[in-house]
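Everything below concerns the one structure shown next.
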Amino acid sequence: TVYLMTLADALVGPKEHHIRLVIWLIVLFTIGTVYRSLRAILPKDSHWTGALAALLVAISPMIHTTSNMISVHPLFILIAILTLTRLTRYLQTKRLRDFYIFTGCLAMAFTINEYALVLAAVSMLCLMLVPNNLMSLTRRQIRINYHLFGSLACFVGVLFLLWPGGLFKL
């Protein structure tokens, strides 16, 4: 959000309504992302489900409350939806591309808000409980694939790219 606000500040000047416009654009992307996410996750003929979910997000009092404040919460909502969508797509299709996109989105969520730790915990629980090629929990063992190390590298790479100052302060 800070990068988007800085970009808006550089393009159109340091006015509060421009920064609020950036937040509202993020909210519009969130509504579209909810629709596209449900279309990607659910089987065919899910137009109505995606439209209803997008409508519920659009009229939600919470989305209007958070979008009226200058904060990182609208962007975190968008990234959290993208993260969970990509995790679900990976668990459905078993494509590694979806898993690496999920990892990058999770890293972006960590740069935005501290609640991303809860998102990571839920994601790890899903990866352990739903049978997949990378990580699964069986009665006798926990099976881990080498792509988890690649996803860790992707995670750290995105963190260093988006949040270098914060990492050096740690």
Side-chain angles (χ1 to χ4, degrees), residues 1 3-4 23-60 62-63 66-67 72-164 166-167:
T1 306
Y3 294 131
L4 293 175
I23 300 294
W24 274 102
L25 288 173
I26 291 171
V27 169
L28 289 176
F29 280 127
T30 302
I31 294 167
T33 301
V34 166
Y35 174 76
R36 295 286 298 169
S37 295
L38 284 174
R39 295 276 300 137
I41 292 170
L42 297 175
K44 291 183 179 181
D45 301 326
S46 60
H47 296 288
W48 290 108
T49 307
L52 180 62
L55 177 68
L56 288 174
V57 169
I59 63 172
S60 166
M62 186 55 69
I63 201 83
T66 58
S67 63
V72 297
H73 293 95
L75 186 60
F76 179 73
I77 293 167
L78 175 64
I79 298 298
I81 291 169
L82 286 171
T83 303
L84 293 174
T85 300
R86 283 300 158 182
L87 175 63
T88 306
R89 285 299 293 164
Y90 166 71
L91 293 174
Q92 285 177 340
T93 64
K94 310 293 190 259
R95 288 188 313 214
L96 287 175
R97 183 185 75 173
D98 290 325
F99 181 72
Y100 283 111
I101 294 172
F102 152 73
T103 305
C105 288
L106 187 61
M108 282 192 285
F110 265 90
T111 64
I112 296 170
N113 199 326
E114 65 274 2
Y115 292 118
L117 190 60
V118 175
L119 186 63
V122 168
S123 299
M124 291 305 292
L125 188 64
C126 288
L127 280 172
M128 289 177 67
L129 296 178
V130 177
N132 62 72
N133 299 332
L134 296 177
M135 177 185 228
S136 62
L137 182 66
T138 62
R139 291 182 185 213
R140 296 183 184 179
Q141 65 183 357
I142 296 176
R143 190 170 50 99
I144 296 177
N145 192 315
Y146 65 91
H147 283 290
L148 286 178
F149 297 109
S151 69
L152 183 63
C154 176
F155 184 87
V156 171
V158 170
L159 276 180
F160 269 112
L161 206 98
L162 295 178
W163 198 42
L167 290 175

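Only this structure's heavy atoms are used, side chains among them; waters, hydrogens and symmetry mates stay out. Quick note: residue numbers are just sequence positions, from 1.
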Q. Checking side-chain contact (heavy atoms from CB on, under 4.5 Å) for the pair Thr85/Ile81: CA distance, chi angles, key distance, verdict?
A. CA-CA 6 Å; Thr85 300; Ile81 291 169; 4.1 Å; yes

**Q.** Distance-minimising heavy-atom pair for Ala53 and Leu38
**A.** CB-CD1, 3.1 Å

Q. What is the minimum heavy-atom distance between Ile23 and Pro74, and which atoms define it?
A. CG2-CG, 3.7 Å

Rounded distance (nearest 0.5 Å) linking atom [atom1] of [X] with atom [atom2] of [Y]:
| X | Y | atom1 | atom2 | value |
| --- | --- | --- | --- | --- |
| Ile77 | Ile79 | CD1 | CD1 | 11.5 Å |
| Leu106 | Thr111 | CG | OG1 | 10.0 Å |
| Leu87 | Phe99 | CG | CZ | 8.5 Å |
| Met108 | Thr83 | CE | OG1 | 7.0 Å |
| Thr33 | Leu78 | OG1 | CG | 4.5 Å |
| Leu52 | Tyr35 | CG | OH | 12.0 Å |

Which atom pairs, donor and acceptor, lie under 3.5 Å between side-chain atoms of residues 121-131 and protein residues at least two apart or in another chain?
| unit_1 | atom_1 | unit_2 | atom_2 | d |
| --- | --- | --- | --- | --- |
| Ser123 | OG | Leu119 | O | 2.8 |

Partners of [X] by side-chain contact (heavy atoms from CB on, under 4.5 Å), sequence neighbours excluded?
| X | result |
| --- | --- |
| Thr88 | Ile41, Gln92 |
| Tyr115 | Phe76, Asn113 |
| Ile31 | Val27, Ala54, Val57, Ala58 |

Q) Judged by atom type as modelled, is there a donor-acceptor pair below 3.5 Å linking the side chain of Arg86 to the main-chain atoms of Cys105? A) no

Q: State whether the side chain of Ser60 and the backbone N or O of Leu56 hold a donor-acceptor pair below 3.5 Å, judged by distance alone.
A: no

Q: For Arg95, enumerate each residue passing the salt bridge (charged side-chain N to carboxylate O under 4.0 Å, His left out) test, keeping only those at least two apart in sequence or located in another chain.
A: Asp98

Q) Which residues satisfy the ring-ring contact (aromatic ring centres under 6.0 Å, His included) test with Phe110, sequence neighbours excluded? A) Phe155

